[in-house]
Amino acid sequence: MMMGDARLAVQLRQVLERHELNFVFQPIVDLAQADVLGYEALMRGPLGTPLHAPEDLLRVARLHGLTQELEVAACTGAMHAFAALRLPGKLFLNLGAPAIASFGGADGGELLRHAADAGLAPGRLMLELTEHERVEDAEALQAAFSTLAGQGVGLALDDFGDGRSSLRLWAQLKPRMVKVDKFFVRGIHHDRRKVEVLRAILNLSTAFGTSIVAEGVEEAEELSVLRDLGCHFGQGYLLGRPAERPAPVVADAARTVLDSSKVAVLPNAVPRTGLAETVGRLKVGAPTIAADASNAELMQLFAHHPELQAVAVVANGYPVGLVNRRNFVDRFARPYSHELYGRRPTTLFMNDAPLRVEMSTPIDALITVLTGDDQRYLYEGFILTEDGRYAGLATGESLVRAVTERRIEAARHANPLTFLPGNIPITEHIGRLLSAGARFAACYFDLNNFKPYNDLYGYWRGDEMIKLAARVIAAHADPSQDFVGHVGGDDFVVLFQSEDWQGRCERTVHAFNVGARALFDAGELARGGFESEDRRGFRVVFPLTTMAAGVVRVSSGQFQTPEEVASAAAAAKKVAKQSGSGIHLAPAVRPRLLLEATG
């Protein structure tokens with residue numbers, strides 16, 4: 001039952017006066033060495049009281065102005081408890097900016113005195129600055145930090161990414177460590193954005209000479225990604241839970257990941273939208289015509305600029321319409337048109353609702369325009385603007401070409417039909433496997449008699465066949481170890497690190513062959529085949545569509561480049577399709593010899 005706030009304040013004062021705070025310690029692990037760097041001290045109130053939980057201790061302390069007293073008591077108590085346990089490594093202590101400035105003092109005397117009383121050298125202490133957004137006097141904090149650092153005390157910035165001033169403080173205080181907030185760690189193996197954030201933080205750490213601690217590590221897949229990205233240290237339940245007497249070694253589950261030679265499967269990348277992918281790159285400089293200019297003047301403008309397909313009509317710098325050259329010239333060339341319309345304003349023949357697009361608009365955002373009802377922009381072009389003002393013209397042809405290029409580039413990252421990683425991420429992952437010297441099996445899956453099937457049943461049924469293959473292949477791979485990619489068409493690649501890769505391949509082929517039967521009509525199933533045209537245009541009876549797989553086992557030093565691995569797997573797939581055996585395991589030979597043998 002909760003007590004009143006006043007009674008809780010009295011109880012908190014008693015806890016501080018009687019030194020009744022308890023402590024648990026959570027390990028912080030060196031991910032490269034798979035060893036414990038040190039422990040973070042976490043305070044607890046007396047067991048069985050309303051002040052046992054740390055959040056309740058802090059809430060009551062803030063409410064009654066006891067925050068600094070609580071932090072100092074926790075800091076000194078943790079030092080003595082840590083020393084009594086004779087734990088190895090460093091002790092991480094959480095303190096707010098006011099506590100560090102006052103507790104450290106001008107020469108850090110009080111903090112160092114308590115450390116000496118506990119028998120701890122200053123070099124074993126690491127102060128974690130909490131609540132960055134509440135730092136009001138950064139200069140005083142910097143002075144206190146500098147003094148303590150001069151005595152050997154380490155400084156860390158806690159929960160980086162959780163406060164708006166974190167980056168400024170990082171640059172200003174020059175901490176020895178930065179602890180990344182758990183938000184950016186949780187589920188990082190599923191979220192490419194978090195991967196990119198952590199990469200950016202690691203790049204900053206190199207520039208600042210700072211080590212990074214990833215907080216909140218709870219899953220083996222998270223730890224595997226952090227290790228492969230080069231994160232220096234980690235903390236979380238997977239690495240070790242808070243305990244009154246923590247183990248001096250890394251938890252077994254975490255050590256298994258850290259000692260493994262397997263490479264993490266990163267979430268798929270997506271094409272990055274940068275300045276080069278905005279509509280602005282399609283801009284063509286073109287003269288304009290004023291809204292109050294005459295049609296005769298417009299005719300002269302077209303005569304002087306034969307390359308212009310259209311001219312924007314502008315009023316006070318803002319586009320109000322677009323005149324298509326062909327339509328305008330055709331109308332103006334009719335008998336008496338010059339006499340009738342020559343002195344009339346250019347707005348007479350303009351399209352008053354042209355397509356207007358801001359220069360900063362991503363090209364991908366115009367994909368819907370290509371399928372819209374109004375297709376005039378394809379031949380007359382469209383207007384580009386900056387903050388609504390006229391900036392230039394763009395042609396429909398350039399837009400179609402740019403969108404096509406973007407779709408092709410996107411398909412290289414992720415196949416638009418199956419959404420599986422495309423050629424670029426496949427190549428990147430093979431490169432990571434080779435760089436790490438990992439052992440893996442490169443399996444190239446392909447469908448037998450898919451083209452004649454697609455010719456007979458049409459693209460919709462053909463797409464269903466490809467999606468079936470994607471589902472079956474993905475279902476029989478281990479997403480934490482095996483990378484599944486879609487090269488294109490009916491070609492798939494799986495980079496197996498699973499030890500039972502051979503059984504997975506066999507089950508994949510069998511499951512597809514069974515499932516594909518449902519995509520045939522009853523007549524073809526009864527005959528055990530179907531009639532379609534071969535590559536020469538002759539009607540031929542083909543066996544039902546099945547799956548073939550070529551496999552190359554890769555060990556350290558066998559291949560030098562991803563292209564060599566891909567070529568060897570493709571050659572093995574070719575043998576599997578020709579033999580009709582379903583799966584072909586290539587002998588472990590160097591790619592040069594393999595290419596010579598199959599050339």
Side-chain angles (χ1 to χ4, degrees), residues 1-28 36 38-105 108-122 124-131 134 144 148 153 156 158-159 179 215 235 237 240-248:
M1 181 175 178
M2 292 296 295
M3 303 170 63
D5 284 337
R7 296 182 63 189
L8 287 175
V10 172
Q11 185 173 350
L12 176 57
R13 289 189 177 92
Q14 291 176 345
V15 168
L16 298 179
E17 291 170 1
R18 298 171 183 173
H19 306 290
E20 292 179 338
L21 289 175
N22 300 309
F23 301 92
V24 292
F25 299 91
Q26 185 173 29
I28 295 172
V36 175
Y39 300 84
E40 179 180 358
L42 303 169
M43 67 178 177
R44 301 288 188 268
L47 187 64
T49 72
L51 294 178
H52 174 67
E55 54 269 22
D56 291 327
L57 282 168
L58 290 168
R59 180 182 60 81
V60 175
R62 289 194 189 100
L63 190 61
H64 296 280
L66 297 172
T67 299
Q68 194 166 318
E69 291 182 47
L70 174 62
E71 288 183 342
V72 170
C75 182
T76 56
M79 285 191 281
H80 286 276
F82 182 76
L85 292 172
R86 299 184 180 278
L87 290 170
K90 296 181 179 295
L91 172 62
F92 288 72
L93 301 165
N94 291 287
L95 290 170
I100 291 175
S102 63
F103 192 35
E110 186 177 357
L111 175 65
L112 297 176
R113 185 174 68 253
H114 282 289
D117 290 344
L120 295 176
R124 296 188 65 191
L125 300 180
M126 183 72 69
L127 303 186
E128 294 188 27
L129 173 63
T130 60
E131 297 183 336
R134 300 191 182 190
L148 293 169
V153 178
D158 193 20
D159 293 329
K179 301 183 77 175
E215 296 185 293
Q235 181 178 3
Y237 287 173
R241 289 178 173 270
E244 291 184 4
R245 294 181 175 274

Tell me which donor-acceptor pairs under 3.5 Å the side chains of residues 16-24 have, and how far apart each pair is, sequence neighbours excluded?
none

Throw together a table of side-chain donor-acceptor distances under 3.5 angstrom for residues 43-50, partners on residues two or more places apart or in other chains.
{"residue": "T49", "atom": "OG1", "partner": "P46", "partner atom": "O", "Å": "2.7"}
{"residue": "T49", "atom": "OG1", "partner": "L51", "partner atom": "N", "Å": "3.3"}

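Expressed to the nearest 0.5 Å, how far CG of D56 lies from CG of L8 amounts to 8.0 Å. Atom CG of L111 and atom CD1 of I100 lie 9.5 Å apart (nearest 0.5 Å). Once rounded to the nearest 0.5 Å, the distance linking CG of L57 with CG of L12 reads 6.5 Å. Atom CD1 of I28 is separated from atom NZ of K179 by 4.0 Å, given to the nearest 0.5 angstrom. Of the inter-residue distances, the one linking L66 atom CG with L58 atom CG reads 11.5 Å to the nearest 0.5 angstrom.
Residues A97 and L129 approach most closely at N-CD1, 3.6 Å, considering heavy atoms. Closest of all the heavy-atom pairs between A78 and L91 is O-CD2, 4.0 Å. Between N94 and E128, the closest heavy-atom pair is OD1-OE1, 3.1 Å. The minimum heavy-atom distance between V36 and P248, with the atom names listed, is CG2-O, 3.6 Å. Shown here for L120 and M79, the closest heavy-atom pair between the two residues is CD1-O, 3.6 Å.
Residue E40 forms a side chain to side chain donor-acceptor pair (under 3.5 Å) with just one option from K90, Q235, Q26, and that option is Q235.
Annotation: ring-ring contact (aromatic ring centres under 6.0 Å, His included) contacts of F25 (sequence neighbours excluded): F82. Residues passing the ring-ring contact (aromatic ring centres under 6.0 Å, His included) test with F92, sequence neighbours excluded: none. When the ring-ring contact (aromatic ring centres under 6.0 Å, His included) test is applied to H114, the partners found at least two apart in sequence or on another chain are F103. Under the side-chain hydrogen bond (donor to acceptor under 3.5 Å, both in side chains) criterion, Q68 pairs with S102, not counting sequence neighbours.
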What verdict does the side chain to side chain contact (heavy atoms under 4.5 Å, CB included) test give for L70 and V15, after you've listed the backbone C-alpha separation in whole Å, the side-chain angles of each residue and the deciding distance to 0.1 Å? CA-CA 9 Å; L70 174 62; V15 168; over 6 Å; no
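In the displayed structure, Q14 atom CD is contacted under 6.0 Å by more than 12 heavy atoms of other residues, nucleotides or ligands.
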